Amino acid sequence: MSDKKIKGGSNREKIKSVRKTKIGGQAVLEGVMMRGNSSMALACRDETGNIRLDTTRLSAKKPWYRKVPFIRGVVNLVVSMISGTKIIGKSAEVMVEDVDTKGDGGGMGWMMFFSTLLGIALALALFIVIPTYATKGIFALAQLDYENVESQWVWLKSLLEGVFKLLVLVVYMSVISCMKEIKRVFMYHGAEHKTIACYEAGLDLTVENVKKCSRYHDRCGTSFIVFVVVLSVLLMMAFDVIFALCPVSQTFTDLWEKGWFRVLFKLALLPVTAGISYEMLMLLACSNFFLFVPLKWLGKQFQKLTTREPDESMCEVAIASFNAVLQMDADPTIPERHFPEPVGLEQFRKELADKHPDLTACVKGDIDWLLCAILNIKREDLANPKVKIPFGWLIRLDKMSERIAAGEPWQYVVGATEFMDRTFKLDNNVLIPRMETELVCERMLKYVGKDTELLDMCCGSGILGITAACERDCNVTLADISDGALKIAKLNAKLNKAKVKTVQTDMFDKVSGKYDVIVCNPPYIESATIDSLDDSVRNYEPHIALDGGKDGLDFYRTLAKDAPTHLKAQGMMILEIGYDQGEAVRGLLADRFETEVVNDYSDNNRIVIAKLK
């Protein structure tokens, strides 16, 4: 076996292939699928770090249309698209992505179907429509005759279209490779190639051996796509020249000159180009004939975009998948293995109760809210026996439930909550919105219009200011002393598509300008009371957002003193207050404001409306 150092100074070795295999694969979400002659295996790493295997027996006898050259390429393309979509959906069950939880599989099936159609439409637009009309634009700029079939530049059409197709492909792959999830899929793609290369090199399938093998492979689907593009260019150039040299009917000539007809013609050619490209791919995989070197080189260059160097854990996943197929192909008695079946809600609750027999009704209620948020179902759906929890989510939900059982609020566990029919992100840098704060928001919206200048002081997660920006399209500034809170507020503004300004400030220290309305939900708990709060509040919510000083009124004193200089004439404040602080806050504001106390649904003091005198 000859060893050569790979160009570029890498310590990996370029190892000559000593055996061939028909096993091929596909990278998926946190996993790898391998497919052999009579079996298929999907290996994914779950939330706990364990490798999960799902294996399937395939018919060893292929139908005639999957054996006939050229036809088999088209059939395999369609089969690969269908099975690939299913495999991605199955991997999503492990990786707790969006999956069907209603039990009938219909919703997920339709979603995957329409996602596939959308992907095909996008591909057609990117690689056929755009290059065709971009070329037409180039011809117009260069004042060349695009629509004349007999023009001397007729061959240039397809050449330029091919260049644009390759450029679009390069740009598209480069852009999506910057996405974190796609980058990891490309790393698993590299692990898949390396594992197959390791086996074909005659080496033991160990992580160490896999790591030093090449991440490029002659049978890669990326090379197939490149071959389809190159072949479609050559075929279109050939047709352009043929129609220019040979007499054809005027009707066809008129059609051929139209951009839309060329697009339809290329679509009709796709089965032809796919069939020929497949045979080219298979031929290149089993031959090193010198004339094939340029094509192999071109495929390798594009594989640099769709593969990345994997880490050791990814190699382990690819090895597990490959070994499963290798063993099942060799031994037909090995049974199939499948991911654990989804679990019903009642079974989940029962197992949870067995683990934690001392769970209070309140904690059980919080876990129910957790289930609604995670499974994206309504509260009444919890009684639906058809609702199932995919096992990947089961692993995560078990961990989340442990946190809730320990006292952590479910909103922090989920990392989000609903407020005024909008979703807001949360972490322990900000308070969890209460029902009473929705009353504050409703009052605020009565005084806010399109041109209102609004300051949300002590904004926390930004729920008040962002809601105002979304509902009234007003000018909003979010202010808070906490850098962590402002990060969450900015994230929520982006999530809800709200245009807001932010300022990190200790109350009014760095606030400039004047406002029509100041809304504020300040810390108002007495310092001595903090330690007596419920554990879920005291141990998890930020004390900086709770502690209002010795009597709970420190921030209202600051508002009374500094707010008037930041309010326009006839400006006003809407303040949330503690259940018994109405008169005390009114007294602090009496010199400069006309005030009104509004009670909540429990008839406790909750809001002070303060209008500048």
Side-chain angles (χ1 to χ4, degrees), residues 362 366 403-404 406-417 419 424-441 444 455-467 478-489 491-492 502 504-509 518-563 573-585 588-589 597 599-600 602 604-608:
C362 182
D366 283 352
R403 290 167 61 184
I404 292 176
E408 187 173 358
W410 69 266
Q411 294 94 332
Y412 285 148
V413 175
V414 174
T417 193
F419 182 83
F424 289 86
K425 296 293 184 182
L426 296 175
D427 66 13
N428 56 11
N429 286 295
V430 297
L431 293 178
I432 298 168
R434 267 65 175 184
M435 185 186 303
E436 294 81 3
T437 306
E438 291 202 359
L439 288 176
V440 177
C441 190
M444 171 194 69
L455 173 64
D456 183 358
M457 177 62 72
C458 305
C459 68
S461 58
I463 53 172
L464 293 171
I466 291 170
T467 301
L478 305 178
D480 204 289
I481 192 174
S482 167
D483 179 60
L486 283 178
K487 286 181 180 177
I488 292 294
L491 178 62
N492 284 324
T502 60
Q504 186 173 359
T505 176
D506 184 0
M507 294 301 285
F508 292 95
D509 286 355
I518 296 175
V519 62
C520 184
N521 180 12
Y524 54 71
I525 306 297
E526 296 174 9
S527 299
T529 307
I530 298 291
D531 288 340
S532 64
L533 294 174
D534 187 82
D535 288 349
S536 63
V537 177
R538 184 182 69 251
N539 295 335
Y540 294 97
E541 302 206 46
H543 286 201
I544 191 175
L546 295 170
D547 193 341
K550 184 177 181 180
D551 58 0
L553 301 174
D554 284 1
F555 290 86
Y556 299 107
R557 292 187 179 93
T558 301
L559 287 163
K561 179 170 68 74
D562 295 337
M573 294 192 294
I574 298 113
L575 310 177
E576 182 169 335
I577 60 174
Y579 73 97
D580 61 350
Q581 294 177 330
E583 289 306 313
V585 173
L588 292 173
L589 301 174
V597 176
N599 288 352
D600 59 23
S602 300
N604 293 317
N605 295 168
R606 190 55 59 195
I607 305 167
V608 167

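This structure is a prediction, so every number in the text was calculated from the model and none was measured.
Expressed to the nearest 0.5 Å, how far CZ of Phe424 lies from CG of Leu491 amounts to 11.0 Å. Distance check: Ser482 OG to Gln504 CD gives 7.0 Å after rounding to the nearest 0.5 Å. Atom-to-atom distance recorded for Ile481:CD1 and Asp506:CG is 4.0 Å, nearest 0.5 angstrom. Separation of atoms CD (Gln581) and OH (Tyr524) is listed at 7.5 Å; rounding is to 0.5 Å. Asn605 CG to Glu436 CD: the interatomic distance, rounded to the nearest 0.5 Å, is 12.5 Å. Between the CD1 atom of Ile463 and the CG atom of Asn492 there is a distance of 9.0 Å, given to the nearest 0.5 Å.
Counting heavy atoms from C-beta on, the side chains of Asp427 and Tyr412 never come closer than 4.5 Å. Side-chain contact between Met507 and Asp562 is absent, with no heavy atoms from C-beta onward closer than 4.5 Å. Side-chain contact check for Pro409 versus Asp366: every heavy-atom pair is 4.5 Å or farther apart. A heavy-atom distance below 4.5 Å is not found between the side chains of Ser461 and Asn429. Between Asp535 and Val537 there is no side-chain heavy-atom pair separated by less than 4.5 Å. The side-chain heavy atoms of Leu455 and Cys520, taken from C-beta on, include no pair separated by under 4.5 Å.
Donor-acceptor pairing under 3.5 Å is lacking for the side chains of Ser602 and Asn604.
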Pair Leu546-Leu533, side chain to side chain contact (heavy atoms under 4.5 Å, CB included): steps then yes or no: CA-CA 10 Å; Leu546 295 170; Leu533 294 174; 4.2 Å; yes

Residues Met457, Met573; criterion side chain to side chain contact (heavy atoms under 4.5 Å, CB included); working and verdict: CA-CA 10 Å; Met457 177 62 72; Met573 294 192 294; over 6 Å; no

Derivation of the side chain to side chain contact (heavy atoms under 4.5 Å, CB included) call for Ile607 and Ile574: CA-CA 7 Å; Ile607 305 167; Ile574 298 113; 3.9 Å; yes

Worked check of side-chain hydrogen bond (donor to acceptor under 3.5 Å, both in side chains) between Ser527 and Asp547: CA-CA 5 Å; Ser527 299; Asp547 193 341; 2.6 Å; yes

Worked check of side chain to side chain contact (heavy atoms under 4.5 Å, CB included) between Tyr556 and Leu575: CA-CA 9 Å; Tyr556 299 107; Leu575 310 177; 4.2 Å; yes

Working for side-chain hydrogen bond (donor to acceptor under 3.5 Å, both in side chains), residues Glu576 and Thr437: CA-CA 7 Å; Glu576 182 169 335; Thr437 306; 2.9 Å; yes

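Contact check on Asp483 versus Lys487 returns a salt bridge, with a Lys/Arg side-chain nitrogen under 4.0 Å from an Asp/Glu carboxylate oxygen.
Closest of all the heavy-atom pairs between Leu478 and Gly465 is CD2-CA, 3.9 Å. Here the closest non-hydrogen pair linking Asp534 and Ser536 is OD2-OG, 2.5 Å. For the pair Phe419 and Pro433, the tightest heavy-atom approach, listed with the atom from each and the gap, is CD1-CB, 3.8 Å. Looking at every heavy atom in both residues, Leu426 comes nearest to Leu431 through CD2-O, 3.8 Å. Contact between Pro542 and Val430 at its shortest, heavy atoms only, is CD-O, 3.7 Å. Taking both residues in full, the closest heavy atoms of Asp554 and Gly549 are given as OD2-CA, 3.3 Å, listed atom of the first, atom of the second, then distance.
At distances below 3.5 Å, not a single donor-acceptor pair connects side-chain atoms of Arg403 with backbone N or O atoms of Glu408. The backbone N or O of Leu486 sits nowhere less than 3.5 Å from a side-chain atom of Asp480 that would complete a donor-acceptor pair.
Legend: residues meeting salt bridge (Lys or Arg N to Asp or Glu O under 4.0 Å) with Asp551, ordered by chain and number and at least two apart, are Arg557. For Phe508, the ring pair (Phe, Tyr, Trp, His ring centres under 6.0 Å) partners at least two apart in sequence or on another chain are His566. Every residue two or more places apart in sequence or in another chain that forms a salt bridge (Lys or Arg N to Asp or Glu O under 4.0 Å) with Glu541 is listed here: Arg434.
Put simply, the residue from Val519, Asn521, Asp600 that forms a side-chain contact (heavy atoms from CB on, under 4.5 Å) with Val440 is Val519.
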